[in-house]
Amino acid sequence: MSWGFERGRIYNRRSDIHARFGGQQQGGIITPAKHNVIFIITGAEGLINGYADRQRADGVFEYFGEGQLGDMVMKRGNASIANHSRDGASLLLFRKTQYGLRFEDEYVCEGHHNERAPDQAGEMRDAIVFELRPVSSIVEVVESQPSADLDLAELRRRAFNAANPEPGKTQSISTVFERSRDVRDYVVARAKGHCEGCSQPAPFFRANGLPYLEPHHIRRLSDGGPDDPRFVIGLCPNCHRRVHSGADGTEYNTQLLFTMKAIEVS
Ligand SMILES: [Zn+2]
Ligand SMILES: [Zn+2]
């Protein structure tokens, strides 16, 4: 479940997306101004328009950016996808079907590349192809043990680099898994053994001796993936469950946002 959307269920663009979130009524990339969420749509008609979104064997979904004629440019919807981690926006993929839009999954943009492909007029042009990975597959990796052998300043440097990777270098130098881990490792080290929500000591230690705390993404509804470390907080399991499952979860999350302003003074 992401933003109230269930995987595999069919939704109506007008009543389920625009009525609730606003956003552009046309095109395959919807970026509502008032919500930290981006809706992207894939479908068979993309093939006619020179787009060929495809699933890769390694779990990455390759999504063609927007721009019907000429070279695609890194602006508007395309820039929103490229920067969604830094901006804290969730990326939700829907597939066009004859019944409506089927919610596929929430993704993290791992990187992008350019590819020669025909535009709507059949002319060859540079297309931007985004490499998207399901956020659920990244959460599992992040549950591995944090590294214990780096100092806080180095972890901080890595975490902020992870949130703002240099354009064009993301896929070769650092994968989304590594970037996600860099953010997690720094947040856990920053907490110095105490929950950043309730200030209580971590409830137990990991096998490698590090205190057990969980990274929570304050701006997104799903954890996992790289994010700006100013919006990721280290929580004890109690506080973490409270945010996601508690009756006052939304209010508690807002409170954590204010707490973070004191933790990461930028
Ligand atoms: Zn706590
Ligand atoms: Zn969380």
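First listed ligand is number 1; within each ligand, the first listed atom is number 1.
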Strictly under 2.8 Å, is any N, O or S atom of His216 next to the Zn ion (ligand 2)? yes
Using modelled atom types and a 3.5 Å cut-off, is there a donor and acceptor pairing between side-chain atoms of Asp119 and backbone atoms of Gly70? yes
Under 2.8 Å from the Zn ion (ligand 1), is there an N/O/S atom belonging to Cys239? yes
Flag the pair Glu104 and Arg7 as a salt bridge only when some basic side-chain nitrogen lies within less than 4.0 angstrom of an acidic carboxylate oxygen. no
Are Glu264 and Arg156 close enough for a salt bridge, meaning some N to O gap below 4.0 Å? yes
Is Glu154 salt-bridged to Arg157, going by a charged N under 4.0 Å from an acidic O? yes
Degrees at the Zn ion (ligand 2) between the OD1 atom of Asp223 and the NE2 atom of His244, nearest 10°: 120°
